[in-house]
Engineer: 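Below is one structure. I have some questions about it.
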Amino acid sequence: NTVAGNAMDFGGRQGGVDNLDVAYVGTGSGLVYVRTTSGGSFSSTSTGGSTIRDVVMDTSDWARAFAIDNNQVFLTSTSGGTWSDITGNLLSIGASELRSLAYVTGAASAIVAGTNFGVFASLASSLGSWFQVGLGLPNVNVFDMDYDAGDDVLVAGTMGRGAWTLSNASDHISGIIGTTNVKIDSTNLVVEDLSDAPDELTIKSDTSGAGRFIIHDPNKIITDSTGA
């Protein structure tokens with residue numbers, strides 16, 4: 001089998017202990033070869049997908065890794081013993097072809113996928129639920145990504161549009177998704193608590209006529225927007 005692009009990750013940590021010898025290598029036919037010990041042999045594991053385009057480990061647990069083929073995202077928590085599909089809603093929100101992976105840590109850990117339509121992330125706490133990040137990034141092929149945990153910067157290399165950086169990446173990603181209590185009363189939509197909501201919240205109405213939307217946060221700051 002031929003290694004597809006840069007489908008390789010090596011050197012990890014588990015329980016705070018470094019393992020410089022662990023390695024994952026993605027190849028054709030959906031296979032990922034895994035080595036976990038110094039001098040050990042590589043074991044063949046199958047994701048069930050097609051040619052692996054990228055693979056990356058959870059930086060705090062080398063037994064947990066992610067891989068992609070052209071249109072699926074896979075997860076193992078057992079060093080390749082079993083793989084599961086966590087593509088979820090990714091292909092329904094803009095992406096149709098997957099190119100690269102990065103694992104972001106910090107405010108909230110997340111797996112990040114570079115696609116033919118920009119960059120998307122899925123929080124480690126809700127894998128399979130994806131959302132777009134870096135909205136200033138052109139909707140182009142993102143062929144490679146690298147995350148610097150020390151500076152909390154995500155770098156994305158695109159096809160024809162140069163390299164782009166996302167500063168405060170973990171804060172940005174964790175701030176996109178939050179838990180918000182919402183209730184709907186007739187044409188009124190009330191957001192009751194923004195304490196864990198995104199920095200920016202957009203509410204769109206498809207009602208005809210005058211709908212009234214009230215956004216209320218714990219600091220008693222109220223935005224009242226009348227009209228559909």
Side-chain angles (χ1 to χ4, degrees), residues 1-87 90 97-106 108-115 119-124 127 133 141-159 163-166 169-170 173:
N1 291 324
T2 301
V3 174
N6 61 343
M8 178 186 299
D9 197 15
F10 57 90
R13 288 173 65 83
Q14 187 180 69
V17 178
D18 291 336
N19 181 351
L20 302 181
D21 300 294
V22 63
Y24 289 75
V25 180
T27 68
S29 303
L31 299 179
V32 177
Y33 285 83
V34 182
R35 184 186 68 190
T36 61
T37 60
S38 175
S41 60
F42 278 87
S43 299
S44 173
T45 72
S46 177
T47 63
S50 57
T51 299
I52 300 301
R53 292 186 167 186
D54 205 359
V55 60
V56 65
M57 284 179 278
D58 180 329
T59 53
S60 63
D61 181 5
W62 52 256
R64 181 177 163 92
F66 304 84
I68 54 170
D69 62 10
N70 65 312
N71 62 4
Q72 296 173 97
V73 187
F74 304 100
L75 162 71
T76 181
S77 297
T78 57
S79 306
T82 58
W83 292 86
S84 58
D85 188 330
I86 59 165
T87 310
L90 181 55
E97 189 168 0
L98 310 183
R99 297 290 187 179
S100 55
L101 286 174
Y103 193 77
V104 172
T105 58
S109 297
I111 184 66
V112 182
T115 77
V119 175
F120 297 80
S122 181
L123 297 177
L127 292 172
V133 299
N141 280 299
V142 177
F143 274 89
D144 200 9
M145 292 188 297
D146 188 58
Y147 174 66
D148 186 315
D151 292 328
D152 194 20
V153 172
L154 179 67
V155 181
T158 71
M159 179 67 171
W164 295 70
T165 61
L166 177 64
S170 63
I173 291 172

Engineer: Could you tell me if Y24 and D9 have a donor-acceptor pair between their side chains, going purely by distance under 3.5 Å?
Structural biologist: no
Engineer: Indicate yes or no: at least one non-hydrogen side-chain atom of T87 is less than 4.5 angstrom from one of Q72.
Structural biologist: yes
Engineer: Any idea which heavy atoms bring G26 and V55 closest together, and the distance?
Structural biologist: N-CG1, 4.3 Å
Engineer: Rounded to the nearest 0.5 Å, how far does OG of S122 lie from CG of L90?
Structural biologist: 8.5 Å
Engineer: Looking only at heavy atoms, which two atoms of G28 and T51 are closest? And how far apart?
Structural biologist: CA-OG1, 3.8 Å
Engineer: When you look at CZ of F10, are more than 12 heavy atoms from neighbouring residues, nucleotides or ligands closer to it than 6.0 Å?
Structural biologist: no
Engineer: Among T78, T47, T76, T45, which residue meets the side-chain hydrogen bond (donor to acceptor under 3.5 Å, both in side chains) test with W83?
Structural biologist: T45
Engineer: Sort out for me which residue in V155, V104, V112, L166 forms a side chain to side chain contact (heavy atoms under 4.5 Å, CB included) with M145.
Structural biologist: V112
Engineer: If you look at every heavy atom in S79 and W62, which pair is closest and at what distance?
Structural biologist: OG-CZ3, 3.4 Å
Engineer: Would you call T37 and D21 a side-chain contact if the rule is heavy atoms closer than 4.5 Å?
Structural biologist: no
Engineer: Report the distance from atom CZ of R35 to atom OG of S41, rounding to the nearest 0.5 Å.
Structural biologist: 9.5 Å
Engineer: Are I111 and V56 packed together at the side-chain level, in the sense that at least one heavy-atom pair is separated by less than 4.5 angstrom?
Structural biologist: yes
Engineer: Rounded to the nearest 0.5 Å, how far apart are CG of L98 and CZ of F120?
Structural biologist: 9.5 Å
Engineer: List the steps and the verdict of side chain to side chain donor-acceptor pair (under 3.5 Å) for N19 and T36.
Structural biologist: CA-CA 8 Å; N19 181 351; T36 61; over 6 Å; no
Engineer: Any donor and acceptor pair, going by atom type alone, linking the side chain of Y147 with main-chain N or O of T105 inside 3.5 Å?
Structural biologist: yes
Engineer: For the residue pair L75 and R64, establish whether any side-chain heavy-atom pair is separated by less than 4.5 Å.
Structural biologist: yes
Engineer: If every non-hydrogen atom of A67 is compared with every non-hydrogen atom of V32, which pair is closest and at what distance?
Structural biologist: CB-CG2, 4.3 Å
Engineer: Say whether, by atom type as modelled, one donor and one acceptor occur between the side chain of S109 and the main chain of Y103 under 3.5 angstrom.
Structural biologist: no
Engineer: Could you check N70, L101, N71, D69 and say which one makes a side chain to side chain contact (heavy atoms under 4.5 Å, CB included) with R53?
Structural biologist: N70
Engineer: At what distance, to the nearest 0.5 angstrom, does CG of N141 lie from OG1 of T115?
Structural biologist: 7.5 Å
Engineer: Can you name the closest pair of heavy atoms from I52 and A7 and give their distance?
Structural biologist: O-CB, 3.6 Å
Engineer: Identify the two heavy atoms, one from V142 and one from A156, that lie closest to each other, and give their separation to 0.1 Å.
Structural biologist: CG1-CB, 3.8 Å
